[in-house]
Participant: 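The structure under discussion is supplied below as structure tokens; questions concerning it will follow.
Lettering of chains follows the sequences in order, A, B, ..., and the numbering in each one begins at 1.
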Protein chains: 2
Amino acid sequence: MKRNTWQREAVRSALGTQMGFVSAQGLHSSLKNSGSHIGLATVYRALADLAQEGEADSLQSPEGESLYRACSLEHHHHLICRSCGLTVEIEADEVEEWARRTAQQHGFSRPEHVVDIFGFCSACVPPVPA
Amino acid sequence: MKRNTWQREAVRSALGTQMGFVSAQGLHSSLKNSGSHIGLATVYRALADLAQEGEADSLQSPEGESLYRACSLEHHHHLICRSCGLTVEIEADEVEEWARRTAQQHGFSRPEHVVDIFGFCSACVPPVPA
DNA sequence: TTGGTATTGAAAATCATTATCAATACACTG
DNA sequence: CAGTGTATTGATAATGATTTTCAATACCAA
Ligand SMILES: [Zn+2]
Ligand SMILES: [Zn+2]
Ligand SMILES: [Zn+2]
Ligand SMILES: [Zn+2]
């Protein structure tokens with residue numbers, strides 16, 4: 001059976017203090033800076049569990065890293081700052097409907113969609129434009 | 001200046017024969033099986049270039065791998081079969097507009113969005129439902 | 001307490017991707 | 001066509017994130 005350890009609680013808690021998505025490595029650093037002696041592998045395991053159980057949302061950064069965040073339970077999407085990670089949860093019934101309709105039109109079943117927007121929040125000055 | 005090598009052409013060509021997204025490793029294997037002696041690093045470089053120049057689309061698989069595909073030039077999104085990889089290009093002005101509007105409403109600049117739908121195509125019987 | 005077993009974590013193992021760097025192949029010139 | 005400057009190649013080492021190992025440890029039910 002699943003056990004309760006201070007480590008899991010520490011990860012859950014630390015994730016809650018984050019403003020946006022964080023990587024396992026990032027959360028681990030954060031925990032260490034707070035004096036925790038939790039192991040990196042444990043953070044990876046805890047985050048995977050939280051995501052699995054629906055307590056956390058996870059997504060792949062454009063660079064391919066797995067990022068996690070404690071989010072609301074309902075299905076939603078994200079507006080993420082590429083610089084500071086600030087995340088805004090957004091609902092988009094419009095998009096939900098579009099995804100459903102599109103999948104159906106092409107005969108695809110059990111559709112799941114990935115819909116996230118990355119940009120620079122008002123507090124972050126956009127780096128040198130292309 | 002940029003040079004034309006058989007390697008680049010081989011990658012471009014091989015990518016064209018794929019019906020869905022492929023990883024660099026996968027395309028390299030495919031090329032080798034066809035008798036090519038192209039190097040893995042070169043495939044990575046060629047794919048990165050093609051993506052850069054807009055000749056190929058790239059996205060992250062749910063497992064975090066970078067996948068590539070020869071796609072049409074205009075901005076579009078994808079409907080991908082989780083089983084056979086079959087990919088359908090879809091346009092969604094509706095979503096483009098929504099993404100732009102949403103980013104703006106929250107003060108985000110230089111927005112980029114990730115919008116893809118994964119499901120099972122009509123030719124693939126959905127595996128055991130959850 | 002005690003015993004059975006999840007869980008932990010330091011370190012090693014994976015794996016995809018990138019960097020090295022000497023050798024090679026292009027493109028252009030004469 | 002030969003000669004030159006340099007972009008490209010590719011075997012291999014290096015990176016970096018994530019996973020696995022596995023002995024030590026912490027949970028928790030009894
Ligand atoms: Zn979320
Ligand atoms: Zn920001
Ligand atoms: Zn495409
Ligand atoms: Zn299919």
Participant: Rounded to the nearest angstrom, tell me the gap between atom CD in Gln60(A) and atom P in dA17(D).
Facilitator: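 Rounding to the nearest Å, CD of Gln60(A) and P of dA17(D) are 14 Å apart.
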Participant: Hey, mind stepping through Cys124(A) and Cys84(A) against side chain to side chain contact (heavy atoms under 4.5 Å, CB included) and telling me if it holds?
Facilitator: CA-CA 7 Å; Cys124(A) 295; Cys84(A) 68; 3.6 Å; yes
Participant: Check Gly20(B) against Thr87(B) and note the closest heavy-atom contact, atom names and distance.
Facilitator: CA-OG1, 3.5 Å
Participant: Return the nearest nucleotide to the side chain of Ile38(A); candidates are dG9(C), dT18(D), dT8(D).
Facilitator: dG9(C)
Participant: Check the distance between dG16(D)'s C1' and Glu63(A)'s CD and give it to me in whole angstrom.
Facilitator: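 After rounding, the reported distance stands at 14 Å.
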Participant: Could you label the plane-to-plane angle of the His77(A) and His113(A) rings as parallel, tilted or perpendicular, counting under 30° as parallel and over 60° as perpendicular?
Facilitator: tilted
Participant: Taking any heavy-atom pair under 4.0 Å as a contact, classify Glu65(B): base, sugar-phosphate, or nothing.
Facilitator: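 Touches sugar-phosphate only.
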Participant: Can you confirm whether Phe108(B) sits close enough to Thr102(B) that some side-chain heavy atom of one is under 4.5 Å from a side-chain heavy atom of the other?
Facilitator: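 The answer is no, as the side chains (C-beta and beyond) never meet within the 4.5 Å cut-off.
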Participant: Salt bridge check, Arg101(A) against Glu94(B): does any charged N sit closer than 4.0 Å to a carboxylate O?
Facilitator: yes
Participant: Rounded off to whole Å, could you give me the CZ-to-P distance for the Arg8(A) and dA26(D) pair?
Facilitator: 16 Å
Participant: Looking only at non-hydrogen atoms, find the nearest pair between Leu67(A) and Ser61(A) and report the distance.
Facilitator: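 In this case the closest contact between Leu67(A) and Ser61(A) is CD1-CB, 3.7 Å.
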Participant: Mind listing the closest non-hydrogen atom pair of Ser72(B) and Glu89(B) along with its distance?
Facilitator: OG-OE1, 2.6 Å
Participant: Write down the distance between CG (Asp49(B)) and P (dA7(D)), rounded to a whole number of angstrom.
Facilitator: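 Interatomic distance, CG of Asp49(B) to P of dA7(D): 14 Å.
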Participant: Specify the angle, to 10°, made by the local axes at the two ends of the helix from dT1(C)-dA30(D) to dG30(C)-dC1(D) when five pairs are taken at each end.
Facilitator: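 Result, rounded to 10 degrees: 30°.
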Participant: Give Ser23(B) one of three labels, base, sugar-phosphate or nothing, depending on what nucleic acid heavy atoms sit under 4.0 Å from its own.
Facilitator: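 Answer is nothing: Ser23(B) stays at 4.0 Å or more from every strand.
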Participant: In this structure, how many angstroms lie between the C1' atom of dT8(C) and the CG atom of Leu47(A), rounded?
Facilitator: 15 Å
Participant: Could you check how far NE2 of His37(B) sits from C1' of dA11(D), rounded to whole Å?
Facilitator: 14 Å
Participant: Using the side chain to side chain contact (heavy atoms under 4.5 Å, CB included) definition, which of the options Leu50(A), Leu15(A), Leu47(A), Asp49(A) pairs with Glu55(A)?
Facilitator: Leu50(A)
Participant: List the atom of Ala46(B), the atom of Arg8(B), and the distance in Å for their closest heavy-atom pair.
Facilitator: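 Between these two residues, the closest heavy atoms are CA-NH1, 4.1 Å.
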Participant: Atom NE2 of His28(B) to atom P of dT12(D): distance rounded to whole Å?
Facilitator: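 Those two atoms, NE2 and P, are 13 Å apart.
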Participant: Heavy atoms under 4.0 Å is the rule here; annotate nucleotides 18-30 of chain C 5' to 3' with B where the base is hit, S where only the sugar-phosphate is, and - elsewhere.
Facilitator: BBB----BBS---
